[in-house]
Amino acid sequence: MKYFHNEIEKKWQKFWAENQTFKAENNSDKPKYYVLDMFPYPSGAGLHVGHPLGYIASDIYARYKRHKGFNVLHPQGYDSFGLPAEQYAIQTGQHPAKTTEANIKTYRKQLDRIGFSFDWSRELRTSNPDFYKYTQWIFTELFNSYYCNIDDKALPITELIEELEKNGNAKVNSPCDNKTPQITAKDWHNFSEKEKQAFLLNYRLTFLSDTTVNWCAELGTVLANDEIVNGVSERGGFPVVQKKMKQWSMRITAYAQRLLDDLQDIDWPQPIKDIQTNWIGRSEGAMVSFKIKNTKNSFKVFTTRPDTIFGVSFMTLAPEHELVEKITTPEQKDAVNTYVKATAKRTERERMSDVKTVSGCFTGAYAEHPFTKEPIPIYIGDYVLASYGTGAVMAVPCGDQRDYDFAKHFDLPIPNIFKDVDISESAFEDKGNTIIDNSDFLTGLPYKKAFKTIIYEMEKQHIGYKKINYRLRDAVFSRQRYWGEPIPVFYKDGMPQIIAKENLPLILPEVEKYLPTEDGKPPLGNATNWAWDTIKNKVVANELIDNTTVFPLELNTMPGWAGSSWYFNRYMDAHNSTDFAGKEALDYWQDVDLYIGGSEHGTGHLLYSRFWQKFLFDRGYVSKKEYAKKLINQGMILGESAFVYRDLETNKFLSKGLIKDKKVQAIHADVSFVNIANELDIEAFKNWRNDFKNAEFILENDKYIVGREVEKMSKSKYNVVNPDDICEQYGADALRLFEMFLGPLEQSKPWKTAGISGVYSFLKKLWKLYQIDENGKATISNNEPSKESLKTLHKTIKKVDADITNFSFNTSVSSFMIAVNELTQQKCNDRAVLEPLLVLISPYAPHIAEELWSKLGHTESIATAPYPVFEAKYLVESTKTYPISFNGKMRFTLDLSLDLNKEEIEKIVMTDERTQKQLAGREPKKVIVVPGKIVNIVG
RNA sequence: GCUCGAGUGGCGGAAUUGGUAGACGCGCUGGAUUCAAAAUCCAGUUCUUUCGGGAGUGUGGGUUCGAUUCCCACCUCGAGUACCA
């Protein structure tokens, strides 16, 4: 009987679905194991061959763990809110829900063909009200919480209110302590309700504030820092400008230190940890106050080099700094105004592209040096960012290159405060062991000592204090879009109010237009009836609302990362209708044991989700402060684009070898028109697009040879390979094996369809090995297998088991090939070998394994079979490698078929040339030989 | 600029973490089978050679009896980040 992958695969996919083979129970005697993929955004283009790479790896692992006796949770769902569906809706008028639904159907069909062991009964979609009900609920919980720096955790806001009533905010240092004014209990009592609400916004973990945001006019929305790449929007590549807007933000900065510290506890790839560490950007330094001469004003600066304070020769404020207006002298007013306006106009991108141009303006004001009392001129300059530190710096030109350049440009003094250091060309930025000079009481001290001394002195004289600063910013949470979770907030007296849990979800309304309203409100502003209905009938039915002063509902929606910040908890109890997940389920599944997905989410999803988990942990809703123990980033599968070359003179297409030094235009040709030998199917190409219909080709050796280049797989490059086609032609098992065989999981690698013939012929050989007769039964013997066959089997068990543990799936595929070749040669047909082998292969190629398993007479799915145990005794047969330990290690390979005893092995080892070299004439005191393990020579 | 990561045949990539470099697959060459093709099977395939060998894991040094693996410097490529005081 021949191997027909199509029949087999369809049959078993149906079997698994009908028997719910992979449905996970929320309790079991078995230990739990949770394998999670980053769920896909269902785009209109469908899956290409690169997408399933991570899913295949996680599926192999999930199936492996089931064989190993674990109760495995392996769910899948869709991140179904997002911008592309909305943009498509704007263009075509199609409701995003409809296109999303259609896309999900395509995705599901494609995924099903690959034979994943997902528990689809737990499928979730972030755009589903059943799901976003809890996304909204978490938002309200964040709103109702503050970060307590004493307990170092989030607490209910009610506890803060109690404290304010008793003691004011003297004790509760908010993370935003720069801006929050100190109040007493009396102040609090004197506040009006509105003032109280406004004050609490300084503490809530999600809060409304006027912030400078990245505004993208083309997309009509604000963007978070991680949604901007090279100064333009990640999606679409549109320009982004800075703009002040009233926005919801998430106070992720409150968690900066814990997000940093807890990286130590999780087994995540080092690059991701590095990325997050850099993004959080912790730096230690000091906050220093400077008085402004002849006024009562003062301002603070943050510096990482307080030890260089005697090298300050000017101060620089960000052009947006609030003091600029107050301190600028009348003579400088015009110049300053011009400069401030000019910088405001520049986009982020322009600012970035000319970082070398020094610009700034003198304010006319002077600060007072806190120690020497000397006057220091105050400048403004756009190299100082309003959003970092205090938006002001003390400039030490001898110790900072930017200050140095600024000083040179404006001809300001550059006092040298480093001993024996030349600063005539550039600033000296090394800390090292430099000795501080010309610095009053710091003179003669090395960096570290000077740092400590100056902070001690500052704190003593109330000039400044030690301070840790983070680069991380609070995450802007509002989006002026339609296709996202509505923010569950209404406004009363201008102050935001939360919609209670029992009134959630706040359903996304239908709108006629997906564009902003005419008066510039977000798309939800088109749904006036929805807003009023929600308010009156549901939200505050018993409250009297002043229709004139209250705008009913928040019209912004949540950003794309809201749903993905907690979805992993929902899978644990996906159908719970009263809570985001039941306590029992949460306690049972705890956290994700293995998470697989792309590294491009390092500063987005992978950071935000850790933040939300910590918050849920603080408030007692989940039991783990990190949600994923281990993370693996799968690499990208790249496409191999094909190019045809149009001669710019004759307009004819030249075969690759004929280009020489002619001027040609390279044009992407669809890769499906090209065969293994890089020959183009000219007819197919002509019929492809109208403008190629009458194309003329100049051939070499009667063939048109295309050029090839490895690029990202994308529709516009016509290099996309569809997994459906591969499944049709070679089968899902071949696709799975091949994707793994392509190379290490975490590396990027090009896809070459030609290579799949290797794994395909492996599957055919495997099939042949079981000798299926005309009745569809395997020819199998129940005899004792040969020693060789047992050796092959156990060697393979050992290797594959180690491979899976190390996630090097590529080498196990090699091992399978070797095993099948050897067993074929040995003419092995023994049940005791062929059955365990099938279990080994089953995670990788589940369909063929199931089919052969059933042909061996089993009625249960192979998925429930236990993983075979490796027995060392079968490997110590012919040769064995012996490591020798003596000032290092040495390995020996001895032929054990000779059945050597201890003494004989010792003799061989001792007379060996390498041993003699190692001993270099010395006599060994003792030679320890442990057969099968180690040879130890004690010198 | 800073921070990571990687350089091994024609190609994708192995190498038990310091012990016979190039497993396995693709491709290529030759052969068997076939009227022929596909499919399948067998042999070969790092380079060089006067057939004894010699060289060889980006380059140059070092440690070691022994280095693709460890250390130092450099070159190239990739990723992240970008005026963060």
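Here is how names work: the chains are called A, B, and so on, in the same order as the sequence lines, proteins then strands, and each is numbered from 1.
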Enquirer: If I pick the C1' atom on B:U16 and the same atom on B:G12, what distance separates them, to the nearest angstrom?
Expert: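 It works out to 22 Å between them.
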
Enquirer: Using whole Å, report how far CD of A:E640 lies from P of B:C11.
Expert: 13 Å

Enquirer: Need the pair for B:U34. Rule: Watson-Crick or G-U wobble, both distances under 3.5 Å, any strand; none if unpaired.
Expert: none

Enquirer: Quickly work out the A:K798 NZ to B:A23 P distance and round it to whole Å.
Expert: 21 Å

Enquirer: If the P atom of B:A67 is compared with that of B:G61, how far apart are they to the nearest Å?
Expert: 14 Å

Enquirer: From C-beta outward on A:S757, which listed nucleotide comes closest to its side chain: B:C26, B:U40, B:A85?
Expert: B:C26

Enquirer: When the nearest nucleotide of RNA chain B is assigned to A:K749 and to A:I275 on a heavy-atom basis, which residue is associated with the more 5' position?
Expert: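 This one resolves to A:K749.
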
Enquirer: Does A:T304 or A:D274 map to a spot on RNA chain B nearer the 5' end, using the closest nucleotide for each?
Expert: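 On the 5' side of the pair lies A:D274.
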
Enquirer: Provide, to the nearest angstrom, the distance between the CD1 atom belonging to A:I309 and the C1' atom belonging to B:A85.
Expert: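 Those two atoms, CD1 and C1', are 13 Å apart.
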
Enquirer: Of all the nucleotides listed (B:G25, B:C84, B:A82), which has the minimum atom distance to the side chain of A:M817?
Expert: B:G25

Enquirer: In whole angstrom, give the distance that lies between atom CG of A:L745 and atom C1' of B:G12.
Expert: 15 Å

Enquirer: Could you measure between the two C1' atoms, the one in B:U64 and the one in B:G44, and give it in whole Å?
Expert: 37 Å

Enquirer: Does a donor on one side chain and an acceptor on the other come within less than 3.5 Å for A:R473 and A:S387?
Expert: yes

Enquirer: Partners of A:K768 by side-chain contact (heavy atoms from CB on, under 4.5 Å), sequence neighbours excluded?
Expert: none

Enquirer: Could you measure between the two P atoms, the one in B:G60 and the one in B:U68, and give it in whole Å?
Expert: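 Each nucleotide's P atom is 13 Å from the other's.
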
Enquirer: Roughly how many Å apart are B:U20 and B:A15, using the P atom of each and rounding to a whole number?
Expert: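 Their P atoms lie roughly 13 Å apart.
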
Enquirer: Need one value for A:R282: base, sugar-phosphate or nothing, where a base atom within 4.0 Å counts as base even if backbone is also close, heavy atoms only.
Expert: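 If one applies the 4.0 Å heavy-atom cut-off, A:R282 turns out to touch nothing in the nucleic acid.
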
Enquirer: Would you mind classifying the nucleic acid contact of A:S815 as base, sugar-phosphate or nothing, using non-hydrogen atoms under 4.0 angstrom?
Expert: nothing

Enquirer: Could you work out the separation of B:C84 and B:G7 based on their P atoms and round it to a whole Å?
Expert: 32 Å

Enquirer: When you measure from the side chain of A:N821, which nucleotide among B:G25, B:G12, B:C11 comes out closest?
Expert: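 So the nucleotide nearest the side chain must be B:G25.
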
Enquirer: How about A:F809 and A:F741: are their ring centroids closer than 6.0 Å?
Expert: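 No, they do not, as the ring centres are separated by 6.0 Å or more.
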
Enquirer: Would you mind pulling out the nucleotide paired to B:G44, Watson-Crick or G-U wobble, both distances under 3.5 Å?
Expert: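 Its partner is B:C28.
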
Enquirer: Rounded to whole angstroms, how far apart are CG on A:L385 and P on B:C83?
Expert: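 Rounded to whole Å, this separation is 6 Å.
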
Enquirer: Testing the basics here: between A:G597 and A:M38, what is the closest heavy-atom pair and its distance to 0.1 Å?
Expert: CA-SD, 3.6 Å

Enquirer: Can you check the distance between B:A23 and B:G13, where both ends of the measurement are the C1' atom (answer in whole Å)?
Expert: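 The answer is 10 Å between these two C1' atoms.
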
Enquirer: Output the rounded distance in Å from CZ (A:F762) to C1' (B:G25).
Expert: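 One finds 12 Å between C1' of B:G25 and CZ of A:F762, rounded.
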
Enquirer: Report yes or no: does A:Q276 contribute a side-chain atom to a donor-acceptor pair with the main-chain N or O of A:T603 at less than 3.5 Å?
Expert: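 No, A:Q276 side chain to A:T603 backbone: no donor-acceptor pair under 3.5 Å.
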
Enquirer: Return the pairing partner of B:A67 with a 3.5 Å limit on both distances, Watson-Crick or G-U wobble; otherwise return none.
Expert: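 Its partner: none found.
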
Enquirer: Distance criterion of 3.5 Å, no angle test: do you see the side chain of A:R402 paired donor-to-acceptor with the base of B:C84?
Expert: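 Looking at the base of B:C84, it does not pair with any donor or acceptor on the side chain of A:R402 (distance under 3.5 Å).
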
Enquirer: Can you tell me the base-pairing partner of B:A14? Count Watson-Crick or G-U wobble geometry only, both distances below 3.5 Å, and say none if there is no partner.
Expert: none

Enquirer: Using a cut-off of 4.0 Å on non-hydrogen atoms, how would the nucleic acid contact of A:T316 be classed: base, sugar-phosphate, or nothing?
Expert: nothing

Enquirer: Consider the side chain of A:K765, meaning its heavy atoms from C-beta on, and name the nucleotide among B:C41, B:U40, B:G13 that approaches it most closely.
Expert: B:C41

Enquirer: Between A:E284 and A:K467 (salt bridge meaning N to carboxylate O under 4.0 Å), is one present in this structure?
Expert: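 No.
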
Enquirer: Can you tell me the base-pairing partner of B:G78? Count Watson-Crick or G-U wobble geometry only, both distances below 3.5 Å, and say none if there is no partner.
Expert: B:C4

Enquirer: Could you work out the separation of B:A38 and B:G30 based on their P atoms and round it to a whole Å?
Expert: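 My reading of the P atoms in B:A38 and B:G30 gives 14 Å.
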
Enquirer: Please pick, from B:C83, B:U81, B:C24, the nucleotide with the shortest atom-to-atom distance to any side-chain atom of A:R471.
Expert: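 Closest of the options to the side chain of A:R471: B:U81.
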
Enquirer: Starting at atom CD of A:E711, determine the distance to atom P of B:G78, rounded to an integer number of angstrom.
Expert: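 It works out to 14 Å between those atoms.
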
Enquirer: Measure the acute angle between the ring planes of A:F762 and A:F816, then classify it against the limits of 30° and 60° as parallel, tilted or perpendicular.
Expert: parallel

